[in-house]
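For reference, the structure discussed in these notes is given below.
Lettering follows sequence order; numbering is per chain, from 1.
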2 protein chains.
Amino acid sequence: MKNYNFERKASDLLALLGNPFRIQIILTIGEGEACVCHLETALNKRQAYISQHLMALRDGGILETRREGKYIFYRLSNPKVFELIRAAGLLAGVQEKDLPMLQIPLQVNKCVCPYCEGEIPMFEKKLHSVVPENE
Amino acid sequence: MKNYNFERKASDLLALLGNPFRIQIILTIGEGEACVCHLETALNKRQAYISQHLMALRDGGILETRREGKYIFYRLSNPKVFELIRAAGLLAGVQEKDLPMLQIPLQVNKCVCPYCEGEIPMFEKKLHSVVPENE
DNA sequence: TTTTCATATTCGTATTTTTGAATATATTGT
DNA sequence: ACAATATATTCAAAAATACGAATATGAAAA
């Protein structure tokens, strides 16, 4: 990995992000953090499936984790990945107004994670305060 | 395609760029243009292989073409894809100084295309004059 | 320490992507 | 019209990826 050439490094990163579900995960986490079970209810997919993608994203350096008791919270390791995704959307013809914005994870109905249960105040979820720049 | 959601549009674009050889092609074309046979000699791959990737990139809106006699010249449809690739490199841990720069295609030894033969002056190849911005 | 809950891992298969080989098409020059 | 050259397309095998099912691990609570 260390001595991969530029094309390889860049394309690995791009390929990692080149999956709609992984993008969904990233958009859901946004500038906050989320545990697996939160994503499970928010995205309505099986736990194992989510874990697999989270692992891939973490191995690729896109996500970082924090353990708190039995929960493991995932967050973006660098808010620039968000800008990269937005830039890709623009290149793909998405209108400026239809681009996603960085936001904290939304409370989800059936979710019982500490955030959705209100055990951690919402504002503490906001880890990145970067607002994607407009041209 | 028209009614794909954001994740799908963005991830399709990212996946398209998520291939080291396609990145190589894009870096080689740079801010100029190149025919298939130029890429063939420059990248030392079979013509069919190159054509396939070029088609994929054109279908994905990354490249545009211009026909001149029996030659077909490919160019970036938007220099921002170059910035996207650079941004991906940065996120992948590439040092700023090791990032590729937009440049016109280099003359290649065994290549017999109009550019390499000097039939079209080099400076005419420079289609995009955008210099990737530094922070 | 046993149970429970959150998350990780392993495994198998369906699907997609990659890539080479062969072949087709289009343009130019003779 | 024919040959030569540049590029596109089709086909198939190999490789990689996606994704579900089952199972394992690890922390907390009883």
Closest contact, heavy atoms only, A/Asp98 versus B/Phe6: O-CD1, 4.4 Å
When every non-hydrogen atom of A/Val36 is compared with those of A/Ser51, the smallest separation belongs to CG1-OG, 4.2 Å
Report yes if the distance between the aromatic ring centroids of A/Phe21 and A/His53 is under 6.0 Å, otherwise no. yes
Can you check side chain to side chain contact (heavy atoms under 4.5 Å, CB included) on B/Arg22 and A/Ser11, steps first, answer last? CA-CA 9 Å; B/Arg22 286 199 286 267; A/Ser11 66; over 6 Å; no
Check the phosphate of D/dA8 against B/Tyr74, side-chain N and O only, distance under 4.0 Å to OP1 or OP2. Yes or no? yes
Less than 4.5 Å apart, any side-chain heavy atom of A/Arg86 and any of A/Met101? yes
Touch class at under 4.0 angstrom, heavy-atom based, for B/Cys113 against every strand present: nothing
Protein-nucleotide distance ([X], atom [atom1]; [N], atom [atom2]), rounded to Å:
{"X": "A/Glu40", "N": "C/dA8", "atom1": "CD", "atom2": "P", "result": "11 Å"}
{"X": "B/Ile50", "N": "D/dA8", "atom1": "CD1", "atom2": "P", "result": "11 Å"}
{"X": "A/Lys70", "N": "C/dA6", "atom1": "NZ", "atom2": "P", "result": "5 Å"}
{"X": "B/Arg58", "N": "D/dT9", "atom1": "CZ", "atom2": "P", "result": "7 Å"}
{"X": "A/Met55", "N": "D/dT17", "atom1": "CE", "atom2": "P", "result": "16 Å"}

How does protein contact run along nucleotides 11-25 of chain C, one letter per nucleotide 5' to 3', with B for base contact, S for sugar-phosphate only, - for none, heavy atoms under 4.0 Å? -------SBBBB---
Ordered by number, residues from residues 61-69 of chain A within less than 4.0 Å of DNA chain C (heavy atoms) are none
Quick check for you: to the nearest 0.5 Å, what is the distance between A/Leu106 atom CG and A/Thr28 atom OG1? 8.5 Å
Assigning hydrophobic clusters by single linkage (Ile, Leu, Val, Met, Phe, Trp, Tyr; side-chain heavy-atom cutoff under 4.5 Å), is B/Tyr49 placed with B/Leu39? yes
Residue pairs, two or more places apart or on separate chains, that pass ring pair (Phe, Tyr, Trp, His ring centres under 6.0 Å) and touch residues 84-114 of chain B: none
